[in-house]
> 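I have a structure I would like to understand better, so I am pasting it below and will then ask my questions one at a time.
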Amino acid sequence: MPTPLLETRHSRPADHARCRVMLREGSKSFHAAAQLLPDRLRQAATVVYAFCRLADDGVDHAVDGRGALERLHERLDRAYAGDPLDQPVDRALADTVVQHSIPKVTFEWLFDGFAWDTQGRDYETLSDVRAYGVRVAGTVGVMMAVLMGVRDRAALARACDLGIAMQLTNIARDVGEDANAGRLYLPRTWFDEAGLDVDAWLARPTMGPGLASVVERLLAEADRLYARAEPGIDALPKDCRSSIYAARYIYADIGRVIRDQGCDSISSRAVVTGRRKLALITRAGLAARRPQPASDALCLPEAEPFIDAVVATPPTPESQQVIDDNLGWVLTLFDRQARHERLRQQRR
């Protein structure tokens with residue numbers, strides 16, 4: 001049998017059970033897609049999700065956002081130093097980042113996005129929104145690709161595209177909810193072009209043709225990035241593609257629901273039904289079998305420094321040993337199968 005991942009140094013079965021609960025309760029769409037991951041990766045993906053969710057909620061609900069971010073960085077430092085905080089998710093993360101060689105910079109860029117939230121940044125242009133998307137979602141897409149053993153620059157750029165596309169969909173869905181909290185992630189220049197006064201609209205968020213046109217523009221950009229991302233899915237291991245296609249289709253379908261509702265994200269919240277998700281999961285399985293043409297799309301300029309930093313981070317010696325041991329096991333298996341076939345032919 002293949003060499004197992006490194007013996008867990010810190011985590012316990014109960015820690016991973018806690019992460020699974022957080023995934024199930026925190027994101028129905030991600031939970032549905034994660035069920036399609038192979039066993040060897042599902043646990044690690046669940047741990048990454050749980051820590052990202054814990055970090056997001058910790059900053060979002062904190063009275064002192066800056067202090068919450070400082071504590072998050074301390075928790076991350078301890079996990080990477082092999083001295084995690086005595087908490088279920090922290091212990092599980094400390095093992096996962098070593099076993100799968102997740103570059104620390106992915107979490108640091110994610111935390112940078114949280115910092116932008118605490119600062120109450122304004123997003124004037126689409127480029128500003130995409131830069132935010134790189135941090136809070138493109139990072140997670142890249143983490144998932146790294147978990148699957150992918151470190152090719154082009155493939156990571158496509159994984160980042162997919163994460164940003166999902167974030168744009170989230171922004172389009174949550175316009176009303178964000179506005180009620182005093183936040184706006186839609187490009188402010190688009191409001192001007194639609195004849196809307198941003199500050200007046202934020203003071204009293206209402207639905208109208210102008211806002212609908214802004215939401216539609218953001219959904220169109222998300223669709224463009226979903227399409228850009230598809231060739232990158234083909235760069236993933238075959239047993240991982242269905243899961244990522246499922247996430248791509250389910251999130252993109254949120255955009256379809258928004259459009260069906262007249263791009264009204266004020267009075268309603270777009271939801272993809274369970275039956276529809278099952279149909280999309282079936283579609284994902286079919287898509288995973290179809291080869292995609294190679295992509296010659298460049299890395300988004302907003303993502304380029306991040307992708308460069310990830311590529312420049314070498315795998316840890318521990319995770320490389322796991323890769324080497326598993327490769328050796330595969331080669332040994334092939335050798336045994338070849339010898340068995342030769343003996344079978346000789347007996348004939």
Side-chain angles (χ1 to χ4, degrees), residues 26-30 32 53 56-57 59-61 65 113-114 116-138 161-227 229 247-277 279-280 302:
S27 175
K28 293 180 180 178
S29 295
F30 193 88
R53 169 59 64 182
D56 189 13
D57 290 346
V59 174
D60 203 31
H61 300 148
F114 296 162
W116 287 16
D117 282 334
T118 64
Q119 295 161 7
R121 280 202 182 207
D122 292 334
Y123 301 94
E124 294 294 330
T125 66
L126 175 60
S127 178
D128 294 335
V129 176
R130 288 198 311 217
Y132 174 71
V134 171
R135 286 160 174 80
V136 298
D161 288 343
L162 182 57
I164 298 168
M166 291 178 174
Q167 182 61 27
L168 297 186
T169 300
N170 283 337
I171 290 172
R173 180 193 60 195
D174 297 339
V175 172
E177 183 180 323
D178 289 336
N180 289 331
R183 296 175 176 175
L184 181 66
Y185 296 100
L186 297 167
R188 286 174 169 250
T189 54
W190 289 6
F191 274 70
D192 295 338
E193 293 165 16
L196 295 172
D197 182 290
V198 175
D199 295 327
W201 182 86
L202 270 174
R204 191 181 176 205
T206 55
M207 190 60 209
L211 180 63
S213 69
V214 173
V215 171
E216 171 57 42
R217 286 181 71 178
L218 195 69
L219 290 175
E221 173 65 9
D223 286 344
R224 185 180 77 86
L225 292 178
Y226 282 125
R248 177 254 187 271
Y249 288 141
I250 291 171
Y251 268 85
D253 207 57
I254 295 172
R256 176 194 61 81
V257 176
I258 294 171
R259 287 184 170 109
D260 288 348
Q261 295 173 172
C263 291
D264 181 1
S265 298
I266 302 295
S267 60
S268 59
R269 193 173 193 271
V271 175
V272 179
T273 66
R275 178 177 294 182
R276 176 66 176 169
K277 284 179 183 175
L280 293 170
E302 299 86 358

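Note that the coordinates shown come from a computational prediction; the quantities given were computed from them, not determined experimentally.
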> Could you check Ile164, Ile171, Thr169 and say which one makes a side-chain contact (heavy atoms from CB on, under 4.5 Å) with Gln167?
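That would be Ile171; it is the only one of Ile164, Ile171, Thr169 passing the side-chain contact (heavy atoms from CB on, under 4.5 Å) with Gln167.
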> Determine the minimum heavy-atom distance between Leu184 and Tyr123, stating which atoms define it.
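Result for this residue pair: O-CD1, 3.7 Å.
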> Got a donor-acceptor contact below 3.5 angstrom from the Arg135 side chain to the Ala131 backbone?
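Yes, the answer is positive, given that a donor and an acceptor are paired below the 3.5 Å cut-off.
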> On the 0 to 90° scale, with breaks at 30° and 60°, tag the Tyr132-Trp116 ring pair as parallel, tilted or perpendicular.
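Parallel.
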> Can you name the nearest heavy-atom pair linking Ser213 to Ala194, along with the distance?
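In terms of heavy atoms, the two residues are closest at OG-CB, 3.8 Å.
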> Roughly how far, to the nearest 0.5 Å, is the CD atom of Glu216 from the CD1 atom of Ile258?
10.0 Å
> Can you tell me if Thr189 uses its side chain to pair, donor with acceptor, with the backbone of Glu124 under 3.5 Å?
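Yes; judged by distance alone, with no hydrogens or angles, the pair exists.
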> So do the side chains of Val175 and Ile266 get within less than 4.5 Å of each other, counting heavy atoms only?
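Yes - at least one pair of side-chain heavy atoms lies under 4.5 Å apart.
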> Nearest 0.5 angstrom please: Glu221 CD to Arg130 CZ, how far?
5.0 Å
> Quick one: CG on Asp161 to OH on Tyr226, what's the gap to the nearest 0.5 Å?
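That separation rounds to 12.0 Å.
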> Which atom names give the shortest non-hydrogen contact between Gly65 and Thr118, and what distance separates them?
CA-CG2, 3.9 Å
> Can you tell me how far apart CZ (Arg276) and CZ (Arg256) are? Round to the nearest 0.5 Å.
4.5 Å
> Please give me the minimum heavy-atom distance between Ser265 and Ala172, naming the atom from each residue.
OG-O, 2.5 Å
> Is there a side-chain contact between Trp190 and Leu126 (heavy atoms, below 4.5 Å)?
yes
> Which value, rounded to the nearest 0.5 Å, describes the distance between Tyr185 atom OH and Asn170 atom CG?
11.0 Å
> Knowing that exactly one of Leu211, Val215, Val214, Leu218 qualifies, which makes a side-chain contact (heavy atoms from CB on, under 4.5 Å) with Cys263?
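That would be Val215; it is the only one of Leu211, Val215, Val214, Leu218 passing the side-chain contact (heavy atoms from CB on, under 4.5 Å) with Cys263.
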> So, are Asp192 and Arg188 salt-bridged, with charged N and O less than 4.0 Å apart?
no
> Can you tell me if Asn180 uses its side chain to pair, donor with acceptor, with the backbone of Glu177 under 3.5 Å?
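A pair under 3.5 Å: no.
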> Using only atom types and a distance under 3.5 Å, with no angle test, would you say the side chain of Asp197 pairs donor to acceptor with the backbone of Asp199?
yes
> Kindly give the heavy-atom pair with the smallest separation between Ala229 and Leu162, and that separation in Å.
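Smallest interatomic distance, heavy atoms only, reads CB-CB, 3.7 Å.
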> To check you understand the geometry: which heavy-atom pair defines the closest contact between Arg173 and Ala270, and what is its length?
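Nearest heavy atoms, Arg173 then Ala270: CD-O, 3.7 Å.
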> Just how far is it from atom CG of Asp253 to atom CZ of Arg259, taken to the nearest 0.5 Å?
11.0 Å
